[in-house]
Engineer: 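Take this structure first; my questions come after.
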Amino acid sequence: MMVPDNKSIAALNLNSLPVGVCIIRENYTISTWNQTLEKWTGIDADDATDNLLSSVVKRFADPLIKDRMNVVFNGGGPVILSSRFHSRIFPLKSETQNEGKFQKITISPFELPDGEPRAMIAVEDVTAITEQVFKYRQIKDQIKYELEEKKKTEKALAVAINKLNTLASITRHDLNNSLTVFLGYLYIILNNNPEGKIAKYLENMKQAAEVMRNHIAFARDYQEMGHSLPSWFNIHTLVETSGVGPTFSGVTFTVETGTLEVLADPLIKKAIYNLLENAVRHGEHTSLITFKSLPVEDKILLIIEDNGKGVPESIKEKIFERGFGSNTGLGLFLVREILGITGMEIKETGTEGTGAKFEIRVPAGNFRYPGR
């Protein structure tokens with residue numbers, strides 16, 4: 001920056017600037033010390049002018065800073081000393097004051113017409129932005145710490161769950177094996193045509209054992225819920241693969257959902273099977289099961305209807321409760337739990353005497369129609 005003479009330096013009215021300004025000669029004596037520096041440091045301009053910079057501002061006696069000053073006087077570009085990398089350079093009037101607490105120093109060269117080099121030292125107060133950076137770092141560090149603690153907790157929880165799952169799996173396996181042996185012997189006895197009360201007792205034992213086996217299977221399915229990431233499932237394919245086997249002989253399936261896919265837990269296959277099996281088991285004369293889809297606002301309603309005997313009004317809410325029903329009481333409870341993993345809701349809205357009707361409400365973002 002070229003400045004005509006010392007009078008022009010005074011004419012710049014450096015006292016009006018919101019930054020501290022100190023101008024030094026090549027011999028490092030101070031020629032200008034503005035009012036902002038007076039305010040921050042408590043050092044009057046009269047006490048600073050014509051004195052060595054290092055005697056007024058002790059930090060400039062540091063050889064490293066002095067070397068950087070020499071670069072400016074030897075034709076180099078501006079030098080920046082940031083409070084991020086250097087301790088405070090210009091002293092403060094009071095250590096308790098906030099103004100000027102953090103400083104950004106810019107040292108720039110300029111020459112007078114007579115060729116005498118000068119250097120202007122501009123002191124910016126960056127306290128506010130620096131403290132904001134510190135706060136950001138504290139928040140960042142706190143978040144990092146909390147995330148690390150969360151990861152540790154999740155890892156410990158995952159280990160504990162894995163151990164519990166392993167124990168549950170081993171227990172179910174052993175129970176199932178023992179139950180198989182028990183049923184084997186029971187069937188042998190029943191095949192010998194026992195009579196009277198013994199036959200009745202043995203039949204009750206067989207039914208109880210079958211219920212136990214269903215409970216073991218339910219425990220396995222319930223444990224697996226939520227262990228895998230949700231995936232997209234085509235409704236037509238789900239019905240096609242679920243409605244097979246002797247249970248569904250004589251039953252016609254009609255699927256009018258187009259290419260509809262829903263985002264669901266992989267156990268959705270079990271849920272659809274349970275709904276179909278429930279329609280056949282409790283519908284008594286069910287011969288037709290229909291799947292339809294209907295848009296409702298930003299959601300999709302998946303409707304499953306059959307032509308069975310329907311569900312009495314008094315038990316429409318109860319059928320989804322665990323343990324309710326004439327079989328194991330777990331089928332529709334499991335259906336609701338599986339659907340709920342991805343936010344789907346189910347209710348029964350049919351009319352007794354004309355057939356059951358299940359409505360599954362699929363939330364926005366969890367359904368799609370590929371190819372549309």
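Excluded from the calculations below are hydrogen atoms, water molecules and symmetry mates; all remaining heavy atoms, backbone and side chain alike, are included.
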Engineer: Measure the shortest side-chain to side-chain distance between Lys347 and Lys316 over non-hydrogen atoms and say whether it is less than 4.5 angstrom.
Structural biologist: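 SC-SC contact between Lys347 and Lys316 ruled out.
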
Engineer: Has Asn366 got a side-chain atom pairing as donor or acceptor with Thr342's backbone, closer than 3.5 angstrom?
Structural biologist: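 Such a contact is found between Asn366 side chain and Thr342 backbone.
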
Engineer: Let me check something: do Val181 and Ile188 share a hydrophobic cluster, defined by ILVMFWY side-chain heavy atoms less than 4.5 Å apart, either directly or through other members?
Structural biologist: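 The answer is yes; both residues are in one hydrophobic cluster.
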
Engineer: How long is the span from the CD1 atom in Ile23 to the OG1 atom in Thr29, to the nearest 0.5 Å?
Structural biologist: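 Result: 12.0 Å between the selected atoms.
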
Engineer: Once rounded to the nearest 0.5 Å, what's the spacing between atom CZ of Phe73 and atom CD1 of Ile107?
Structural biologist: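 Here the rounded value is 9.0 Å.
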
Engineer: Assess, by modelled atom type and distance only, whether the side chains of Asn307 and Ser287 contain a donor and an acceptor separated by less than 3.5 Å.
Structural biologist: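 Their side chains do contain a donor-acceptor pair, which is all the 3.5 Å distance test asks for.
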
Engineer: Decide yes or no for Trp40 and Val123: does some side-chain heavy atom of the first lie under 4.5 Å from some side-chain heavy atom of the second?
Structural biologist: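 Trp40 reaches Val123 side chain to side chain.
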
Engineer: Can you name the closest pair of heavy atoms from Ser94 and Thr96 and give their distance?
Structural biologist: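 What the structure gives for the nearest pair is OG-OG1, 2.7 Å.
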
Engineer: Using atom types as modelled and distance alone, determine if a side-chain donor or acceptor of Ser108 lies under 3.5 Å from a backbone N or O of Met120.
Structural biologist: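 Pair absent, no side-chain N/O of Ser108 close to backbone of Met120.
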
Engineer: How long is the gap from CE on Met69 to CG on Leu53, to the nearest 0.5 Å?
Structural biologist: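 Interatomic distance, Met69 CE to Leu53 CG, rounded to 0.5 Å: 5.5 Å.
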
Engineer: Could you please spell out the steps behind the side chain to side chain contact (heavy atoms under 4.5 Å, CB included) verdict for Asn70 and Tyr28?
Structural biologist: CA-CA 10 Å; Asn70 288 334; Tyr28 292 100; 2.3 Å; yes

Engineer: Looking at every heavy atom in both Thr259 and Pro370, which two are closest together, and how far apart are they?
Structural biologist: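 Nearest heavy atoms, Thr259 then Pro370: OG1-O, 3.0 Å.
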
Engineer: Might you work through the side chain to side chain contact (heavy atoms under 4.5 Å, CB included) test for Glu305 and Ile303, ending with a clear yes or no?
Structural biologist: CA-CA 6 Å; Glu305 293 182 272; Ile303 303 169; 3.8 Å; yes

Engineer: Apply side chain to side chain contact (heavy atoms under 4.5 Å, CB included) to the pair Glu348 and Ile319, showing each step before the final yes or no.
Structural biologist: CA-CA 9 Å; Glu348 205 286 325; Ile319 58 175; 4.0 Å; yes

Engineer: Taking atom CD of Glu131 as the centre, report whether more than 12 heavy atoms of other residues, nucleotides or ligands fall under 6.0 Å from it.
Structural biologist: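 Counting other residues, nucleotides and ligands, CD of Glu131 exceeds 12 neighbours.
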
Engineer: Tell me, yes or no, whether the heavy-atom count around Tyr201 atom OH, taken from other residues, nucleotides or ligands under 6.0 Å, exceeds 12.
Structural biologist: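 Counting other residues, nucleotides and ligands, OH of Tyr201 stays at 12 neighbours or fewer.
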
Engineer: How would you list, by chain and number, every residue that makes a side-chain hydrogen bond (donor to acceptor under 3.5 Å, both in side chains) with Thr49, sequence neighbours excluded?
Structural biologist: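 Expected list: none.
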
Engineer: Please check if the side chain of Glu38 supplies one atom and the backbone of Ala45 the other of a donor-acceptor pair under 3.5 Å.
Structural biologist: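 Between the backbone of Ala45 and the side chain of Glu38 there is a qualifying donor-acceptor contact (under 3.5 Å).
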
Engineer: Can you name the one residue among Ile129, Val126, Leu81 that meets side chain to side chain contact (heavy atoms under 4.5 Å, CB included) with Lys104?
Structural biologist: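 Among Ile129, Val126, Leu81, the one that satisfies the side chain to side chain contact (heavy atoms under 4.5 Å, CB included) with Lys104 is Val126.
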
Engineer: Measuring only between side-chain heavy atoms, which start at C-beta, is Phe253 closer than 4.5 Å to Phe248?
Structural biologist: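 Yes. Closest side-chain heavy atoms under 4.5 Å.
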
Engineer: Linking I/L/V/M/F/W/Y whenever any side-chain heavy atoms sit under 4.5 Å apart, do Leu263 and Phe367 land together?
Structural biologist: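 No.
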
Engineer: Would you name the heavy atoms of Val311 and Ala356 that are closest together and state the gap between them?
Structural biologist: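 Smallest interatomic distance, heavy atoms only, reads CG2-CB, 4.1 Å.
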
Engineer: Whether Arg361 and Glu297 form a salt bridge (side-chain N of Lys/Arg under 4.0 Å from carboxylate O of Asp/Glu) is what I want to check.
Structural biologist: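 No, Glu297 and Arg361 are not salt-bridged.
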
Engineer: Where do Lys200 and Glu203 land on the salt bridge (charged side-chain N to carboxylate O under 4.0 Å, His left out) test, with the steps shown first?
Structural biologist: CA-CA 5 Å; Lys200 181 181 179 181; Glu203 187 61 35; over 6 Å; no

Engineer: Counting distance only, does the side-chain N/O of Thr127 pair as donor-acceptor with the main-chain N or O of Phe102 below 3.5 Å?
Structural biologist: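 Yes: the side chain of Thr127 pairs with the backbone of Phe102.
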
Engineer: Can you tell if the side chain of Lys101 reaches within under 4.5 Å of the side chain of Arg88, non-hydrogen atoms only?
Structural biologist: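 Lys101 vs Arg88: side chains touch.
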
Engineer: Verify, without hydrogens or angle tests, whether Asn34 (side chain) and Leu37 (backbone) share a donor-acceptor contact under 3.5 angstrom.
Structural biologist: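 Yes.
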
Engineer: By the definition side chain to side chain contact (heavy atoms under 4.5 Å, CB included), identify the one residue from Asn278, Val239, Ile346, Ile289 that meets it with Ile304.
Structural biologist: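 Going through the options one by one, the only one that passes is Ile289.
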
Engineer: Looking at OG1 of Thr106 and CD1 of Ile80, how far apart are the two atoms once the value is rounded to the nearest 0.5 Å?
Structural biologist: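 Between atom OG1 of Thr106 and atom CD1 of Ile80 there are 4.5 Å.
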
Engineer: Are the side chains of Arg118 and Arg25 in contact, using a 4.5 Å heavy-atom criterion?
Structural biologist: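 In short, these two side chains touch, coming nearer than 4.5 Å.
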
Engineer: Hey, mind stepping through Lys152 and Lys155 against side chain to side chain contact (heavy atoms under 4.5 Å, CB included) and telling me if it holds?
Structural biologist: CA-CA 5 Å; Lys152 290 178 184 177; Lys155 185 177 180 180; 5.7 Å; no

Engineer: Mind checking whether Val56 and Thr41 have side chains closer than 4.5 Å, heavy atoms only?
Structural biologist: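 No, every pair of side-chain atoms sits at 4.5 Å or beyond.
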
Engineer: Do Trp232 and Ile338 share a hydrophobic cluster (ILVMFWY, side-chain heavy atoms under 4.5 Å, transitive)?
Structural biologist: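 No, separate clusters.
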
Engineer: Do Gln138 and Gln142 have side-chain N/O donor and acceptor atoms under 3.5 Å apart?
Structural biologist: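 Judged by distance alone, the side chains do not pair up.
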
Engineer: Identify whether Leu92 and Trp33 are in the same connected component of the hydrophobic contact network (ILVMFWY, side-chain heavy atoms under 4.5 Å).
Structural biologist: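 Result: no, two separate clusters.
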
Engineer: If every non-hydrogen atom of Leu179 is compared with every non-hydrogen atom of Ala209, which pair is closest and at what distance?
Structural biologist: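 Heavy atoms only, the tightest pair is CD2-O, 3.5 Å.
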
Engineer: Which heavy atom of Ile30 sits nearest to which heavy atom of Thr32, and what is that distance?
Structural biologist: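 Scanning both residues completely, I find the closest heavy atoms to be CG2-O, 3.5 Å.
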
Engineer: Hey, are Glu154 and Lys151 close enough for a salt bridge, meaning a charged N less than 4.0 Å from a carboxylate O?
Structural biologist: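 Not counted as a salt bridge, because no side-chain N and carboxylate O are separated by less than 4.0 Å.
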
Engineer: Look up atom CD1 in Ile235 and atom CD in Glu256, then write down how far apart they are to the nearest 0.5 Å.
Structural biologist: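 Here the interatomic distance stands at 13.5 Å.
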
Engineer: Has the side chain of Ser242 got a donor or acceptor atom that lies under 3.5 Å from a matching backbone atom of Ile272?
Structural biologist: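 Such a contact is absent between Ser242 side chain and Ile272 backbone.
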
Engineer: Starting at CD of Glu124, measure out to OG1 of Thr36 and round the result to the nearest 0.5 Å.
Structural biologist: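 Answer for the CD-OG1 pair, Glu124 versus Thr36, is 12.0 Å.
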
Engineer: With the 4.5 Å side-chain cut-off for hydrophobic clustering, are Leu238 and Val251 part of the same group?
Structural biologist: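 Yes; Val251 is reachable from Leu238 via cluster members.
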
Engineer: Side chains of Leu275 and Ile360, heavy atoms from C-beta outward: is any pair under 4.5 Å?
Structural biologist: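 The answer is yes, as the side chains (C-beta and beyond) meet within the 4.5 Å cut-off.
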
Engineer: Just wondering, are more than 12 heavy atoms of other shown residues or ligands nearer than 6.0 Å to CD in Glu195?
Structural biologist: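 Result for CD/Glu195: open.
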
Engineer: Do the side chains of Val335 and Phe358 get nearer than 4.5 Å, heavy atoms only?
Structural biologist: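 Not in contact.
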
Engineer: Could you tell me whether the side chain of Asp125 and the main chain of Gly20 form a donor-acceptor pair under 3.5 Å?
Structural biologist: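 No; zero donor-acceptor contacts below 3.5 Å.
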
Engineer: So which atom in Thr247 and which in Glu277 form the shortest heavy-atom distance, rounded to 0.1 Å?
Structural biologist: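 Taking Thr247 first and Glu277 second, the nearest heavy atoms are CG2-CG, 4.3 Å.
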
